[in-house]
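Read the structure below first, then the notes.
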Protein chains: 2
Amino acid sequence: MLSNATVYGIRAVIYIAAKKDRKYVPISEISEKLKISFHFLTKILQKLTQRNILISNRGPQGGIAFNRPPDKIYIAELVDAIEGADLFDRCVLGLPGCGVETPCPMHDQWTIVKVQIKSQFEKTTVSELAKKVSERNERL
Amino acid sequence: MLSNATVYGIRAVIYIAAKKDRKYVPISEISEKLKISFHFLTKILQKLTQRNILISNRGPQGGIAFNRPPDKIYIAELVDAIEGADLFDRCVLGLPGCGVETPCPMHDQWTIVKVQIKSQFEKTTVSELAKKVSERNERL
DNA sequence: GTGTTTTAATACTCTTCTATCTTAATTATC
DNA sequence: GATAATTAAGATAGAAGAGTATTAAAACAC
């Protein structure tokens with residue numbers, strides 16, 4: 001459903017939000033803790049800095065940090081930034097132009113699912129998930 | 001969400017169900033009508049004959065046909081056969097062993113989505129979709 | 001039984017995703 | 001300024017999905 005890259009990005013962002021002690025978190029730390037290839041993760045997070053979701057700083061004490069409080073960052077934004085938009089708009093059967101006027105046979109039922117996924121991703125914030133990780137000690 | 005192969009398989013099966021005039025339908029006909037590469041489609045449909053969802057017959061007047069009435073064939077079966085099972089069981093964040101005891105931070109909300117998708121696919125039959133195509137002239 | 005239609009099986013190519021490697025470029029600290 | 005820490009960027013390699021090509025095998029028709 002989501003690509004590896006997107007999942008890595010989401011997990012990394014949750015990781016940063018879950019630790020509030022330091023402003024800039026080096027990517028190397030995230031990559032070690034979450035067992036994600038450093039260089040791969042770097043490229044993914046670059047997409048998030050380019051979208052001004054994160055800010056980065058080179059040099060000692062550098063790393064990445066939020067450019068905006070994590071309770072204002074929604075999972076849907078991360079997916080958009082990394083995966084590319086339209087993920088939640090595609091037809092299940094991949095038919096171009098499938099819509100209300102010219103639906104595919106699964107259109108109606110799939111619309112229900114799509115709306116649900118989309119709204120979940122649009123209402124879920126990073127800080128919300130980070131809270132579960134730090135307070136309820138959930139896995140990351 | 002679903003791979004191309006799976007989508008092609010589903011569409012092909014719906015196509016066969018939508019035309020009741022002949023028992024065996026040659027793959028070449030399906031591939032032309034649905035604009036799917038013949039050889040690629042052949043490989044996909046082989047997986048369905050191996051699972052005894054379809055039967056095939058070589059030679060003139062040959063082709064593929066249902067091994068069981070299409071109102072007894074569920075979309076979930078097709079997905080399983082082509083995509084491999086466990087599609088609807090995976091964790092959104094790809095964490096191995098994510099479950100009720102050791103959940104990931106998105107576990108609870110994603111479970112809701114998964115259950116819904118799964119039950120939709122499990123209750124939807126091929127004949128149901130074929131009916132929409134033939135009666136309501138929906139796209140395929 | 002020869003030829004034609006059709007699926008089966010295998011091997012190969014192409015593209016995209018995933019990941020790695022190398023080399024900059026930038027910043028802080030001493 | 002020199003050095004170390006750290007992201008940025010590009011080039012390359014591996015893996016998997018998507019698609020193509022070739023050949024074999026089966027069934028029917030004549």
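Quantities reported herein were computed from a predicted structural model and do not represent experimental measurements. Here is the naming used below: chain letters follow the sequence lines, and residue numbers restart at 1 for every chain.
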What is the distance, to the nearest angstrom, from the CD1 atom on B:I55 to the P atom on D:dA27? 13 Å
Quickly work out the A:I16 CD1 to D:dT7 P distance and round it to whole Å. 10 Å
Side chain to side chain donor-acceptor pair (under 3.5 Å) with A:R58: which residues, sequence neighbours excluded? none
Using a 4.0 Å cut-off on protein heavy atoms (strictly under), produce a 5'-to-3' string for nucleotides 20-30 of chain C with B for base contact, S for backbone-only sugar-phosphate contact, and - for none. BBB--BBBB--
Any A:T49 side-chain N or O less than 4.0 Å from OP1/OP2 of D:dT7: no
Nearest-nucleotide pick for B:I27, side chain only, options being C:dA9, C:dT7, D:dA9: C:dT7
Between A:T102 (side chain only) and A:G97 (backbone N and O only), is there a donor and an acceptor less than 3.5 Å apart? yes
Any A:N4 side-chain N or O less than 4.0 Å from OP1/OP2 of C:dC17: no
A:P103 and A:H107: which non-hydrogen atoms are nearest, and at how many Å? CB-CB, 3.6 Å
Determine the contact category for A:E83: base if any of its heavy atoms lies under 4.0 Å from a base atom, sugar-phosphate if only primed atoms, P, OP1 or OP2 are that close, otherwise nothing. nothing
Sequence neighbours excluded, the answer for side-chain contact (heavy atoms from CB on, under 4.5 Å) partners of A:A130 is A:I14, A:A17, A:A18
Would you kindly give the CG-to-P distance between B:L48 and C:dA8, to the nearest whole Å? 11 Å
Lys/Arg-Asp/Glu bridge criterion (N-O < 4.0 Å) met for B:E128, B:K123: no
Specify the separation, in whole Å, of atom OH of B:Y24 and atom C1' of D:dA26. 13 Å
Side-chain donor-acceptor pairs under 3.5 Å in residues 39-54 of chain B, sequence neighbours left out?
unit_1, atom_1, unit_2, atom_2, d
B:T42, OG1, B:F38, O, 2.9
B:T49, OG1, B:Q46, O, 2.8

Just the rounded figure in Å: distance from P of D:dA26 to CD of B:Q46. 14 Å
Separation of B:I82 atom CD1 from D:dA16 atom C1', in whole Å? 17 Å
Using five pairs at either end of the helix from C:dG1-D:dC30 to C:dC30-D:dG1, determine the angle between the two local helix axes and round it to 10 degrees. 10°
Value in whole Å for how far the P atom of D:dG17 lies from OH of B:Y8: 15 Å
From CG of B:L45 across to P of C:dA9 the rounded distance in Å is 13 Å
Can you name the side-chain contact (heavy atoms from CB on, under 4.5 Å) partners of B:V79, sequence neighbours left out? B:L2, B:T6, B:I10, B:I75, B:E83, B:L87, B:F88, B:F121
Is it true that A:R68 and A:E77 make a salt bridge, defined as a side-chain N closer than 4.0 Å to a carboxylate O? yes
Determine: side-chain N/O of B:T42 to OP1/OP2 of C:dA9, distance under 4.0 Å, yes or no. no
Gap between atom NZ of B:K35 and atom CZ of B:R11 - 0.5 Å precision: 10.0 Å
